[in-house]
> 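Let me begin by handing over the structure; questions about it come next.
Numbers restart at 1 for each chain; the letters A, B, ... are given by sequence-line order, proteins then strands. For the numbers below, each heavy atom of this structure counts, side chains included, while hydrogens, waters and symmetry mates do not. Owing to the predicted nature of the structure, the values given are computational and were not obtained by experimental measurement.
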There are 2 protein chains.
Amino acid sequence: MVRIRNMEEFATLSGVSRPTVSKYFHDPSSVRPKIRAQIERALEQYDYQPNIFAINQNRKLTKNIGIVVPYLADPFFAEIARNLEQRCLAAGFQPTLYSSHGQPDLEVGILSNLRRLKPAGVLLAPLGRVSNRAEIEKFCKDVPTVLFDSALDDVGLAFIGSDNPNLALQIVDYLCRSGEPPCFMEMKTPANPNANKRREAYLQAMAHFGQTPQIVKIEGIGWAFEEIGYTYGGAALASNAFATNTILCSNDRLAIGLLSACYEQQIRVGMTPGCAIRVAGQDDHPFSRFTCPPLTTVAQDYESISAKSLEILMQVIDGGAVDAAKTLFEGRLVMRQSA
Amino acid sequence: MVRIRNMEEFATLSGVSRPTVSKYFHDPSSVRPKIRAQIERALEQYDYQPNIFAINQNRKLTKNIGIVVPYLADPFFAEIARNLEQRCLAAGFQPTLYSSHGQPDLEVGILSNLRRLKPAGVLLAPLGRVSNRAEIEKFCKDVPTVLFDSALDDVGLAFIGSDNPNLALQIVDYLCRSGEPPCFMEMKTPANPNANKRREAYLQAMAHFGQTPQIVKIEGIGWAFEEIGYTYGGAALASNAFATNTILCSNDRLAIGLLSACYEQQIRVGMTPGCAIRVAGQDDHPFSRFTCPPLTTVAQDYESISAKSLEILMQVIDGGAVDAAKTLFEGRLVMRQSA
DNA sequence: ACTTAATTTTGTCGCGCGTAAAATTTTTTG
DNA sequence: CAAAAAATTTTACGCGCGACAAAATTAAGT
């Protein structure tokens, strides 16, 4: 069997002209069935693949889609990235995954790199407050970009995320109905993008139910939320910093750390007799159902968020207009034993 | 400010010839300091970047490195991938991250795609038993590939991983010294690549210490190890399937699930009075220290594995030969409260 | 100032494929 | 079945840069 060097050779061997072969690779259904069968027969025989660099050099937009998340070692983002990847593949695009690793300069670097790759579109979950807004804005002007998870006002084609006020309303409502109203635990300088929205949502929800809010801000820097929840959440617990026996954490990972601290301090968590406090989170992190006790939380609608994000991006890639600049999905209360 | 279309234009604007600019981008230190300063001054002014596709079309090897892991939503792989990514960047290469998502056909697809990208090298953690060995072997013949985490005999330039017998020896020794000898819990049809090696290592270690081994195989398919450990490990526990009160799990994620089941069944885990069983894992998963009780385990040497993997790959890329076909790192016993 | 070595410039070719326009073939339509 | 419409082939050019050779320039050493 011969090794094929280029499209010219392959075209000759399959008995079709090169431009037609080119057209076939661009869209197999764009050539007549007979010709298509001819090409595909040759394809099985010689297994030729067009040079990807030569292709993309002359195309304004490639078949690539960039997926950027702030921190891939966070299972929440790993999971949503996995979801998005598979959807891209199903849609006939080639996803490329990037993690900003919590570093704004890396985020900018990724976008800079992405721009050179001329992707058809980008799905970006920005770092949030610490993001270099100007750079991201510039990028979005050059490349069709849909933001998800965390919004930057007026940047990108659209934003898809969770309705934080709704999440808070659900969990706060539940916690108030089933016991003492919740205090809110968060990091003083939070790394995760949605932290501010969640605090505000908590305050709104508490006001809505006529309860007095209390926010406990703990130390700690970076993305090691479990560690932070364990160390500083545990310290807050030990020093009786919480006004009620119910703690709503800004996110599940902090709650997981806090649960660990509770265990160490022999503070029983839950609603059964003998339990001293209740702990709840937000996100429905993949591991939250395996904590001890299993964590009560509000789930983000991963599926809908990723589906809608890609849907909008596809719409724009296909030349359509964006119908909704902002789509927020409601949460789903997940009652487990911790609260 | 003018928008620059190509290297020719940029060369003119910076007062240097195009081949020299080309040389500069290939290696900035290869041009005279004065010329270099000239180019870099122009670079700041016009921010031009060479077309990445045109570059790679004419280079036999690009500055890309592919990183492939079997399942990115597993924090263990997410963490090691993060480590590798940053090392690649530091070495002046562009890492691209791929996850096989546990699917052998996806793994082959990724390699097929990677081949077209002409990467300088690839760091591959294969799926293991379910991998399409023939395809991976073919790939390794075309692209310099270092395997890590899970070996395929005689495939790739080298293999870097953990010394499973050593891991087992350490944890089994500790468990035997501190209480009853451990049973071994694993999946009947395990998804994670190292499972078989770990079973054998357990048997060897038990033999070494003159103990009678017992292996408990639980049901469950796929990568949702916590879920499987919780459901089927919990069932095994409820039916008294374990011969001793000490359970060594094939990996930490199974142990995390099992701990959750213990909590539900009100079986106290640990070494303090009142505790019915002990549970240990292997890996030192990022979340293992936050379980209740914190999980005793043997840590894999993430840092060394990723450092050595990239080191060998770099060596080969720079035209050197591989000195060691196989490098195994010892584990580190992590004593916590679960055993 | 002169020789020598190191760089840079000039010029030219090729990579593999996209793409447009014109010529030809095939299919559809009346 | 002829004419119109659609698809394909032919022809030709361009993309942006790597690679190389020969000529010109610059820098270093004596």
Side-chain angles (χ1 to χ4, degrees), chain A residues 2-43 46-64 94 113 115-120 142, chain B residues 2-43 46-64 94 113 115-120 142:
Chain A
V2 208
R3 223 191 44 236
I4 302 192
R5 307 191 160 280
N6 54 37
M7 197 179 275
E8 188 75 56
E9 266 187 44
F10 176 76
T12 307
L13 284 168
S14 59
V16 181
S17 75
R18 190 180 69 74
T20 304
V21 172
S22 170
K23 207 175 168 203
Y24 166 84
F25 277 109
H26 189 71
D27 174 10
S29 70
S30 71
V31 302
R32 221 178 299 152
K34 213 168 84 182
I35 301 280
R36 177 172 179 173
Q38 234 180 100
I39 294 177
E40 286 174 348
R41 200 168 337 118
L43 220 43
Y46 302 102
D47 105 291
Y48 155 79
Q49 288 184 283
N51 181 306
I52 205 164
F53 299 110
I55 289 178
N56 289 330
Q57 180 170 21
N58 298 316
R59 267 219 277 260
K60 50 247 149 195
L61 93 161
T62 68
K63 274 285 188 179
N64 293 6
Q94 181 61 42
N113 229 295
R115 177 187 274 119
R116 300 175 68 185
L117 292 173
K118 297 190 267 184
D142 298 347
Chain B
V2 207
R3 221 187 48 232
I4 303 195
R5 307 191 161 279
N6 54 37
M7 196 180 275
E8 188 75 57
E9 266 188 43
F10 175 76
T12 306
L13 283 168
S14 60
V16 181
S17 74
R18 188 179 70 77
T20 304
V21 171
S22 171
K23 207 176 168 204
Y24 166 85
F25 277 110
H26 189 70
D27 174 11
S29 71
S30 70
V31 303
R32 222 177 298 151
K34 212 168 85 181
I35 301 279
R36 178 172 179 173
Q38 232 180 104
I39 294 176
E40 286 174 348
R41 200 169 337 118
L43 221 43
Y46 302 104
D47 105 291
Y48 155 79
Q49 288 184 284
N51 181 308
I52 204 164
F53 299 109
I55 289 178
N56 289 331
Q57 181 169 23
N58 298 316
R59 267 218 277 259
K60 49 247 148 197
L61 94 161
T62 68
K63 274 284 187 180
N64 293 5
Q94 181 61 42
N113 229 294
R115 177 186 275 120
R116 300 175 66 185
L117 292 174
K118 297 190 267 184
D142 297 347

> Do any side-chain nitrogens or oxygens of S22(B) fall under 4.0 Å of OP1 or OP2 in dG18(D)?
yes

> Would you mind classifying the nucleic acid contact of Y48(B) as base, sugar-phosphate or nothing, using non-hydrogen atoms under 4.0 angstrom?
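Y48(B): backbone/sugar contact only, no base atoms under 4.0 Å.
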
> Going by modelled atom types, is there a donor-acceptor pair between the base of dC17(C) and the side chain of N58(A) at under 3.5 Å?
yes

> Using a 3.5 Å distance criterion without hydrogens, assess whether the side chain of T62(A) forms a donor-acceptor pair with backbone atoms of K118(A).
yes

> Rounded off to whole Å, could you give me the CZ-to-C1' distance for the F53(A) and dG18(C) pair?
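Rounding to the nearest Å, CZ of F53(A) and C1' of dG18(C) are 17 Å apart.
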
> Under 4.0 Å between a side-chain N or O of Y24(A) and OP1 or OP2 of dC17(C)?
no

> Using whole Å, what does the distance between atom P of nucleotide dG16(D) and atom CZ of R116(A) come to?
14 Å

> Between dA27(D), dG18(C), dA19(D), spot the one nearest the side chain of M7(A), thanks.
dG18(C)

> Would you indicate, yes or no, if dT8(D) has its OP1 or OP2 atom less than 4.0 angstrom from a side-chain nitrogen or oxygen of K23(A)?
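The answer is yes; a side-chain N or O of K23(A) sits under 4.0 Å from OP1 or OP2.
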
> Counting distance only, does the side-chain N/O of R116(B) pair as donor-acceptor with the main-chain N or O of P50(A) below 3.5 Å?
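Answer holds: yes.
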
> Ignoring hydrogens and angles, does a donor from either the side chain of R18(B) or the base of dG16(D) sit under 3.5 Å from an acceptor on the other?
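In this structure, the two groups form no donor-acceptor pair.
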
> Using atom CD of Q57(A) as one end and atom P of dG14(D) as the other, report the distance to the nearest whole Å.
14 Å

> Among dC17(C), dT9(C), dG16(D), which is the nearest nucleotide to the side chain of P19(B)?
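Shortest atom-to-atom distance from the side chain points to dT9(C).
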
> For a quick test of reading the model: is some side-chain N or O of T20(B) closer than 4.0 Å to OP1 or OP2 of dT7(C)?
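No.
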
> Between R5(A) (CZ) and dC15(C) (C1'), how many Å, whole number?
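Interatomic distance, CZ of R5(A) to C1' of dC15(C): 12 Å.
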
> What is the distance from NE2 of H26(A) to C1' of dG16(C), rounded to the nearest Å?
17 Å

> Taking 4.0 Å as the cut-off, does a side-chain nitrogen or oxygen of K34(B) come that near to OP1 or OP2 on dA27(D)?
yes

